[in-house]
There are 2 protein chains.
Amino acid sequence: MQAAGSEDERLDRAFLALADPVRRRLVARLSRSSATVNELAEPFELSKQGISKHIQVLERAGLLTRTRDGQRRPCHLAPAALEELTAWIDGYRLAAEACYRRLDAVLATMNAAEEAKDE
Amino acid sequence: MQAAGSEDERLDRAFLALADPVRRRLVARLSRSSATVNELAEPFELSKQGISKHIQVLERAGLLTRTRDGQRRPCHLAPAALEELTAWIDGYRLAAEACYRRLDAVLATMNAAEEAKDE
DNA sequence: CGCTTTATCAACCATTTGGTTGACTCTCTA
DNA sequence: TAGAGAGTCAACCAAATGGTTGATAAAGCG
């Protein structure tokens, strides 16, 4: 299952969700195991409502899913959504690195030509 | 060279910088080659000042660097900063996937025990 | 049925973001 | 030196974030 909206909107929400140290700590915690809101809120000095809001941000971004277990609503990290982000970043990172390698090759060629001329 | 501040602050700025479709388009454009502010602004309907602000956000996040070339101030993508982001995400994504695999193994064991009991 | 636990909703407030316009700096060039 | 081009700074505004508190729902327990 995937968060709603266009790719742009999904990436907006996902990157925005990660642009906060509290939410990143929540992701880190959930990468070890699923957890409830109260369990997630415990290490923080924020109110439970505040944590609940952060969790909703992560959920709207598709970075976590929630199930029902009696009174509890455990949160589970969604690795596929994280993978979509790394795929986006890596596409452009690799393109840029390739671009710089081409530039280096051109500069090397020019230097070689320059030295040849000096001889 | 790396953006200033703690790791948290750097990740805040970097993820926030990517949480905007305009800035992601700038990153995509710069992954093909370096470019000036005017070149970057051309495909957008925003004012040049608006684009300049977006570029400053990316620069403060360490995602691009700028050089001086006469009147121009070309922008260059910084692949190392992008790599830091994918490394952060992948660390937790892989942990979560490993966690789910362990859970699957436990559930499989329980199912096997259950079926053995039913016989 | 009442009480506790878990969690969300609603209203509110301070701060930040994203956009504009206008004035300004800096650099090259005629 | 005067002017044009590239880009930034400053002030302003509308909208969204991040946090709070108080009231509310929904599920389990005595």
Side-chain angles (χ1 to χ4, degrees), chain A residues 3-6 8-27 29-30 33-77, chain B residues 3-5 8-27 29-30 33-76:
Chain A
S6 69
D8 253 11
E9 289 165 347
R10 274 184 290 125
L11 290 173
D12 281 358
R13 287 193 293 259
F15 281 124
L16 185 64
L18 293 181
D20 181 288
V22 170
R23 290 192 292 258
R24 283 198 303 278
R25 281 177 65 190
L26 293 175
V27 168
R29 166 66 185 80
L30 288 172
S33 72
S34 300
T36 66
V37 174
N38 279 334
E39 288 164 355
L40 290 170
E42 194 272 326
F44 293 92
E45 303 201 345
L46 291 174
S47 68
K48 193 173 52 175
Q49 290 92 327
I51 295 293
S52 190
K53 275 192 177 185
H54 280 299
I55 290 172
Q56 286 177 57
V57 171
L58 288 165
E59 189 179 16
R60 284 197 59 222
L63 297 181
L64 61 80
T65 59
R66 315 194 62 177
T67 50
R68 171 62 82 170
D69 172 27
Q71 324 169 289
R72 303 204 218 97
R73 312 211 31 204
C75 305
H76 321 275
L77 205 58
Chain B
D8 253 10
E9 290 165 347
R10 273 184 290 126
L11 290 173
D12 282 358
R13 287 193 292 258
F15 281 124
L16 185 65
L18 294 182
D20 181 288
V22 171
R23 289 191 292 259
R24 283 198 302 279
R25 282 177 63 191
L26 293 175
V27 167
R29 166 65 185 81
L30 288 172
S33 72
S34 300
T36 65
V37 173
N38 279 333
E39 287 165 355
L40 290 170
E42 194 273 325
F44 293 92
E45 302 201 345
L46 291 173
S47 66
K48 191 172 55 174
Q49 290 93 328
I51 295 293
S52 188
K53 275 192 177 184
H54 280 299
I55 290 173
Q56 285 176 57
V57 171
L58 289 165
E59 188 179 18
R60 283 196 60 221
L63 297 181
L64 62 79
T65 59
R66 316 193 62 177
T67 49
R68 171 64 79 172
D69 171 29
Q71 327 168 289
R72 303 205 218 97
R73 312 213 30 205
C75 304
H76 322 275

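Residues forming a side chain to side chain donor-acceptor pair (under 3.5 Å) with Ser33(B) (at least two apart in sequence, or on another chain): Arg29(B). In this structure, the side chain to side chain donor-acceptor pair (under 3.5 Å) partners of Ser34(A), at least two apart in sequence or on a different chain, are His76(A). Residues that satisfy the side chain to side chain contact (heavy atoms under 4.5 Å, CB included) test with Lys48(B), not counting sequence neighbours, are Val37(B), Asn38(B). In terms of the side chain to side chain contact (heavy atoms under 4.5 Å, CB included) criterion, residue partners of Ala41(B) (sequence neighbours excluded) are, by chain and number, Ile51(B). Scored by the side chain to side chain contact (heavy atoms under 4.5 Å, CB included) test, Glu9(A) finds Ser6(A), Arg13(A) as partners (sequence neighbours excluded).
From Leu18(A), atom CG reaches atom CG of Leu63(A) across 5.5 Å, with rounding to the nearest 0.5 Å.
Put simply, chain A comes within 4.0 Å of DNA chain D, heavy atom to any atom, from dT17(D) to dG28(D), going 5' to 3'.
Between Leu64(A) and the options Leu58(A), Val27(A), Leu26(A), Val57(A), a side-chain contact (heavy atoms from CB on, under 4.5 Å) holds for only Leu58(A).
Within the structure, salt bridge (charged side-chain N to carboxylate O under 4.0 Å, His left out) contacts touching residues 15-27 of chain A (residues at least two apart or in different chains) are Arg24(A)-Asp8(B), Arg24(A)-Asp12(B). Evaluation of the salt bridge (charged side-chain N to carboxylate O under 4.0 Å, His left out) test over residues 61-75 of chain B, restricted to residues two or more places apart or in two chains, returns Asp69(B)-Arg72(B).
Annotation: proximity of residues 38-47 of chain B to DNA chain D (heavy atom, distance under 4.0 Å) is found for Asn38(B), numbered in ascending order.
Considering every non-hydrogen atom in both Ala61(A) and Ala17(A), the closest pair reads CB-CB, 3.9 Å.
Following rounding to the nearest Å, Ile51(A) (CD1) and dC9(C) (P) show an atom-to-atom distance of 16 Å.
Judged by closest nucleotide on DNA chain D, Arg66(B) is the one of Lys48(A) and Arg66(B) placed further toward the 5' end.
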Using a cutoff of under 3.5 Å, can you pull out all pairs of nitrogen or oxygen atoms linking the protein to nucleotides 23-30 of chain C, with atom names and distances?
from, atom 1, to, atom 2, distance (Å)
dT27(C), O2, Gln71(B), NE2, 2.8

Considering only nitrogen or oxygen atoms on both sides, find all protein atoms under 3.5 Å from nucleotides 12-17 of chain C and state each distance.
none

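Phosphate proximity of dA7(C) to Ser52(A): absent, as no side-chain N or O sits under 4.0 Å from OP1 or OP2.
Two residues are said to be in side-chain contact when any heavy atoms from C-beta on lie closer than 4.5 Å; His54(A) and Leu40(A) fail this criterion.
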